[in-house]
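The structure appears right after this line, and notes come after that.
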Number of protein chains: 2
Amino acid sequence: MNDEQRLKAAGLKATVPRLKILEILQAREGQHLSAEDIYKILLENQLDVGLATVYRVLTQFEAAGLVARHRFEDGHAVFELDQGEHHDHLVCTRCGRVEEFLDPVIEERQRRIADEAGFRITHHQLYIFGLCSDCQDKG
Amino acid sequence: MNDEQRLKAAGLKATVPRLKILEILQAREGQHLSAEDIYKILLENQLDVGLATVYRVLTQFEAAGLVARHRFEDGHAVFELDQGEHHDHLVCTRCGRVEEFLDPVIEERQRRIADEAGFRITHHQLYIFGLCSDCQDKG
DNA sequence: ATGATAAAGAGAAGGCGTCTCATTTGAATG
DNA sequence: CATTCAAATGAGACGCCTTCTCTTTATCAT
Ligand SMILES: [Mn+2]
Ligand SMILES: [Mn+2]
Ligand SMILES: [Zn+2]
Ligand SMILES: [Zn+2]
């Protein structure tokens with residue numbers, strides 16, 4: 001399935017901004033990009049896309065399950081492609097380094113906790129903040 | 001230890017705004033209040049405190065370990081007294097209901113994950129989002 | 001190709017939080 | 001208790017990320 005088909009499968013028209021943003025996210029898997037980051041990349045590639053469009057498209061992608069939105073410590077959102085395989089994050093509060101992990105035990109426990117509270121889970125966020133090995137040395 | 005002593009122990013002068021905000025938080029344990037909420041409560045009590053002061057004090061309280069700051073789904077921060085006993089949250093995305101929980105297994109797993117990645121944990125955030133039992137019925 | 005409709009671009013507007021600066025307050029001192 | 005001065009406050013301006021509004025443009029079914 002190509003990008004155009006992926007968008008249509010999500011109920012979205014295959015427009016130039018959407019295709020380009022999807023392309024950018026695919027080319028940078030593992031990274032966590034802000035809307036502004038993506039906007040700048042578009043401009044660098046001679047693409048006249050409005051910042052508002054970037055925000056709109058990312059929100060639509062999120063609703064369609066194509067991307068995940070995260071709010072690490074500082075408040076402004078970052079995005080990454082959601083390839084079906086969920087993961088959580090370790091974030092260094094000094095240098096911003098991000099490590100990804102997946103712990104089946106934690107995932108299972110969460111389901112159980114929600115179950116006991118009568119909640120039907122839609123999603124969750126687990127961010128572990130701290131200092132990475134490099135930053136522990138640098139004080 | 002009374003409130004005045006608690007503030008001084010945290011290296012903060014015992015000022016009227018600080019004492020009142022601490023009092024409000026204590027009177028509403030279990031709730032999660034925004035800066036605006038606290039500001040309104042102060043005004044209702046004939047206390048002329050600026051909103052900027054509320055933000056400043058809450059940030060100082062957070063740094064001193066007196067309160068915990070959370071960012072549930074919508075982005076704006078809420079605060080609660082930090083009584084030493086950490087807990088995490090289940091949040092209903094429809095009605096805003098919040099349930100608190102503490103899972104020793106999850107806590108332990110987090111320490112282990114951080115350890116293996118060489119991170120020194122400072123804190124973490126775990127929010128489970130979904131629909132509470134009431135909201136599942138109402139569609 | 002044409003038309004109906006969704007989407008985009010530009011910039012204004014919104015909302016939460018922070019900063020600035022003149023004024024007041026706390027608490028240490030005499 | 002009066003004095004003193006750094007620390008804290010109040011008011012409002014400001015900043016930043018994000019969303020909204022409105023007109024123009026592009027997509028896609030026919
Ligand atoms: Mn990630
Ligand atoms: Mn809580
Ligand atoms: Zn680091
Ligand atoms: Zn609910």
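Order of the sequence lines sets the chain letters (A, B, ...), proteins ahead of strands, with each chain counted from 1.
- Of the possible donor and acceptor atoms, one in the side chain of B/D37 sits under 3.5 Å from a partner among the backbone N and O of B/S34.
- Proximity of a side-chain donor or acceptor of A/E108 to a complementary backbone N or O of A/V105 within less than 3.5 Å is not detected.
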Can you check side-chain contact (heavy atoms from CB on, under 4.5 Å) on A/I38 and A/L25, steps first, answer last?
CA-CA 8 Å; A/I38 293 168; A/L25 289 167; 4.1 Å; yes
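- For residues 1-14 of chain B, proximity to DNA chain D is found at B/K13, defined as any non-hydrogen atom under 4.0 angstrom from a strand atom.
- B/I41 and B/I21 fall within the same hydrophobic cluster, where Ile, Leu, Val, Met, Phe, Trp and Tyr residues are linked whenever their side-chain heavy atoms come under 4.5 Å apart, directly or through other members.
- Remark: A/E80 engages no residue in a salt bridge (charged side-chain N to carboxylate O under 4.0 Å, His left out) (not counting sequence neighbours).
- When atom types are taken as modelled, the side chain of A/N2 and the backbone of A/E4 share a donor-acceptor pair closer than 3.5 angstrom.
- Applying the ring-ring contact (aromatic ring centres under 6.0 Å, His included) criterion to A/H123, with sequence neighbours excluded, gives B/F129.
- Not counting sequence neighbours, B/K40 has no partner by the salt bridge (charged side-chain N to carboxylate O under 4.0 Å, His left out) test.
- Neither A/I106 nor B/V91 shares a network with the other; the hydrophobic side chains, linked directly or stepwise wherever heavy atoms of I, L, V, M, F, W or Y lie under 4.5 Å apart, form separate groups for each.
- Checking side-chain atoms of B/Q136 against main-chain N and O of A/G118 turns up a donor-acceptor pair under 3.5 Å.
- Between the axis at the start and the axis at the end of the helix from C/dA1-D/dT30 to C/dG30-D/dC1 there is an angle of 40°, using five pairs per end and rounding to 10 degrees.
- Read 5' to 3', the first and last nucleotides of DNA chain D with an atom closer than 4.0 Å to a heavy atom of chain B are D/dA7 to D/dG12.
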Report each atom pair, protein N/O against N/O of nucleotides 22-24 of chain C, whose distance is under 3.5 angstrom.
none

In the 5'-to-3' direction, what one-character label does each nucleotide of nucleotides 11-21 of chain C receive under the scheme B = base within less than 4.0 Å of a protein heavy atom, S = sugar-phosphate only, - = no such atom?
B----SBBBB-
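- Each of B/E73, B/H70, B/R71 was compared with B/Y127 under the side chain to side chain donor-acceptor pair (under 3.5 Å) criterion, and only B/H70 meets it.
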Using a 3.5 Å cut-off and no angle test, enumerate the donor-acceptor pairs between side-chain atoms of residues 50-61 of chain B and protein atoms at least two apart in sequence or in another chain.
residue : atom : partner : partner atom : Å
B/T53   : OG1  : B/R56   : NH2          : 3.1
B/T59   : OG1  : B/Y55   : O            : 3.0
B/T59   : OG1  : B/R69   : NH2          : 3.2
B/Q60   : OE1  : B/R18   : NE           : 3.4
B/Q60   : OE1  : B/R18   : NH2          : 3.3

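- Listed by chain and number, the residues in a salt bridge (charged side-chain N to carboxylate O under 4.0 Å, His left out) with B/R109 are A/D103 (sequence neighbours excluded).
- Within the structure, side chain to side chain donor-acceptor pair (under 3.5 Å) contacts touching residues 19-30 of chain B (residues at least two apart or in different chains) are B/D3-B/Q26, B/E29-B/Q83.
- In this structure, a donor-acceptor pair under 3.5 Å is present between the side chains of B/H86 and B/E107.
- Taking a 4.0 Å limit (strictly below) on heavy-atom distances, residues 15-27 of chain A reaches DNA chain C at A/T15, A/P17, A/R18.
- Judged by distance alone, the side chain of A/E116 and the main-chain N or O of A/I113 form no donor-acceptor pair under 3.5 Å.
- Using modelled atom types, no side-chain atom of A/R94 and backbone atom of A/C132 make a donor-acceptor pair closer than 3.5 Å.
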